[in-house]
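Remember, it's 1-based here, ligands and their atoms both numbered in the order they're listed. Along the sequence shown, residues are numbered consecutively beginning with 1.
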Amino acid sequence: MSTLEVRIEEPVTFVISGASGDLTRRKLIPALYTLFKEGALAGDFAIVGFARRDYDNHSFCKLMADALREHSRTTADEPSLKAFCSHLSYHRGDLSDPAAYTGLKAKFDDGALPQNRLFYLSIASELIESTVTGLRNAGLITPPDSNPWTRVVVEKPFGRDLPSAKALNRMLLDHLDETQIYRIDHYLGKETVQNILSFRFANTIFEPVFNRSYVDHIQITAAETVGMESGRGAFYDQTGALRDMVVNHLFQLLCLVTMEPPDGLDARSIRNEKMKILRTLKPANASKHHPAVCFGQYGGDEKTAAFRAEERVSPQSKTETFAALRMEIGNWRWAGVPVYLRTGKRLAKKTTEIAIQFKTPPLSLFQHVACRGDVCDLTGVKPNTLIFRIQPDEGIFLQVSAKRPSMQMVVESVNMDFSYSGKWDKALPEAYERLLLDAMRGDSTLFTRSDEVEAEWEVLDAVLAGAPESEPFVYAPGSWGPAEADAILFSNGWKNE
Ligand code: BG6
């Protein structure tokens, strides 16, 4: 058994289309290397880097070994790097040239590569069609349910609105069966994200209070301190926070924390429940004083370039680098409970968390205090809050009120904590390790189905339809976003921590 408890015995070839990109160096190769080192790739396996750059097997291996020394979470020791490199090769070709695919097919036909094939499309969305068509025309795609199998992993963005997402799905489904398509959303591979389901449905004490009778509101935050590192300016200027983070990662978190219990843990049951949430999700009713949407863009200071001054970003850019939304779920369980979403670049700290704030008790019997050491001030009632901390310091925290030791009957908010690092000394697996392993095993539970993607865009279109025409509000780098977002985010008493 591998140290990851799961291993693949089948032979498999993992082809990375667009292998010269940053994702290959930072995420894909490090994830494959860890799977290899931990014994999860137990059968015959080959990794083929496919791109236009002028590398050969030797220079590609060298480049990947350097990437592993920099990015691998498991030790990149020389003997294992050498062993890993013996599975790597490079196929040079232009992704829009049919000859590149016939050349690749010849390598499969020669028997040089294991026949089961997983194509990872780490490419710009404009290239997806020519790549999938190239694979199909060269005979590289085997029929669904056949042996050897073919699977294609598609990276986001899956389109930029509903019509383009539909067109992309139609094109993919012209060449492949839905069961062969793995749309990756790396948030679903995060250990703590999967723990949302086990926490909710493996315990009896929380589920009965996860509804509109007990929950006041839900807040989902994905804050980042980074800006446009790794030359991402051009991509991000075209994309923005809504399309980069909200329509996929944040909506997926929202679904997992609010969906009904699934019939089972199989892909179909879980995706069906997420779909029911997406069908009823919409921006909350807005008024002039209580908006539902606010966009921001980071300005600069003496140390940090403003978004508009970043490399390959238009100096007149109106792209949002911050978004705050007030959403509602129109189903029986959640009707009337606001769900606040917030994400942004260059914010005060890197944190991703889901906070479920419960209603306050019907009668306030106690005085509530907040204390620093022995100095205490009276505060309002502190409601119970359950926090799923996705990253960093992964864990689950429940804030409750407890009597403060003193001669007076006063209560103070305290934490009941479960932290991964406190319970297990093992490092958490990287999202990509889990997802690549699942794709190679043919488990699509943690990937997004075509109808989910379309439903996500439908919700986003509704958000955009109600969004203000005005330019995004400028916010200071290192802050929590524009002050104008407070009217959305803090109307229920939430505070930045
Ligand atoms: C990616 C976005 O999907 O997620 C990036 O394209 C973002 O802009 C990243 O930085 C955040 O991922 P994580 O795992 O660091 O929260």
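For the salt bridge (Lys or Arg N to Asp or Glu O under 4.0 Å) with Glu178, the qualifying choice from Arg170, Arg183, Arg449 is Arg183, the only one to do so.
Every pair passing salt bridge (Lys or Arg N to Asp or Glu O under 4.0 Å) that includes a residue from residues 272-284 is listed here, sequence neighbours excluded: Glu273-Lys276, Lys274-Glu452, Lys282-Glu328.
The side chain to side chain donor-acceptor pair (under 3.5 Å) check on Asp244 picks up Lys156, with sequence neighbours excluded. By the side chain to side chain donor-acceptor pair (under 3.5 Å) test, Arg308 pairs with Gln297, Glu471, sequence neighbours left out.
Between the side chain of Asp216 and the backbone N or O of Phe358, no donor-acceptor pair lies under 3.5 Å. For His175 (side chain) and Glu129 (main-chain N/O), no donor-acceptor pair under 3.5 Å exists by modelled atom type.
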Are any protein N/O atoms closer than 3.5 Å to the N/O atoms of ligand 1? If there are, list each pair with names and the distance to one decimal place.
{"residue": "ligand 1", "atom": "3 (O)", "partner": "Lys156", "partner atom": "NZ", "Å": "2.9"}
{"residue": "ligand 1", "atom": "3 (O)", "partner": "His249", "partner atom": "NE2", "Å": "2.7"}
{"residue": "ligand 1", "atom": "6 (O)", "partner": "Lys156", "partner atom": "NZ", "Å": "3.1"}
{"residue": "ligand 1", "atom": "6 (O)", "partner": "Arg232", "partner atom": "NH2", "Å": "2.8"}
{"residue": "ligand 1", "atom": "6 (O)", "partner": "Asp244", "partner atom": "OD1", "Å": "2.6"}
{"residue": "ligand 1", "atom": "6 (O)", "partner": "Asp244", "partner atom": "OD2", "Å": "3.4"}
{"residue": "ligand 1", "atom": "8 (O)", "partner": "Arg232", "partner atom": "NH1", "Å": "2.7"}
{"residue": "ligand 1", "atom": "8 (O)", "partner": "Asp244", "partner atom": "OD2", "Å": "2.6"}
{"residue": "ligand 1", "atom": "8 (O)", "partner": "Lys345", "partner atom": "NZ", "Å": "2.7"}
{"residue": "ligand 1", "atom": "10 (O)", "partner": "Glu224", "partner atom": "OE1", "Å": "2.5"}
{"residue": "ligand 1", "atom": "10 (O)", "partner": "Glu224", "partner atom": "OE2", "Å": "3.3"}
{"residue": "ligand 1", "atom": "10 (O)", "partner": "Lys345", "partner atom": "NZ", "Å": "3.0"}
{"residue": "ligand 1", "atom": "12 (O)", "partner": "His186", "partner atom": "NE2", "Å": "3.1"}
{"residue": "ligand 1", "atom": "14 (O)", "partner": "His186", "partner atom": "NE2", "Å": "2.8"}
{"residue": "ligand 1", "atom": "14 (O)", "partner": "Lys190", "partner atom": "NZ", "Å": "2.6"}
{"residue": "ligand 1", "atom": "15 (O)", "partner": "Lys350", "partner atom": "NZ", "Å": "2.7"}
{"residue": "ligand 1", "atom": "16 (O)", "partner": "Tyr187", "partner atom": "OH", "Å": "2.5"}
{"residue": "ligand 1", "atom": "16 (O)", "partner": "Lys350", "partner atom": "NZ", "Å": "3.0"}
{"residue": "ligand 1", "atom": "16 (O)", "partner": "Gln391", "partner atom": "NE2", "Å": "2.6"}

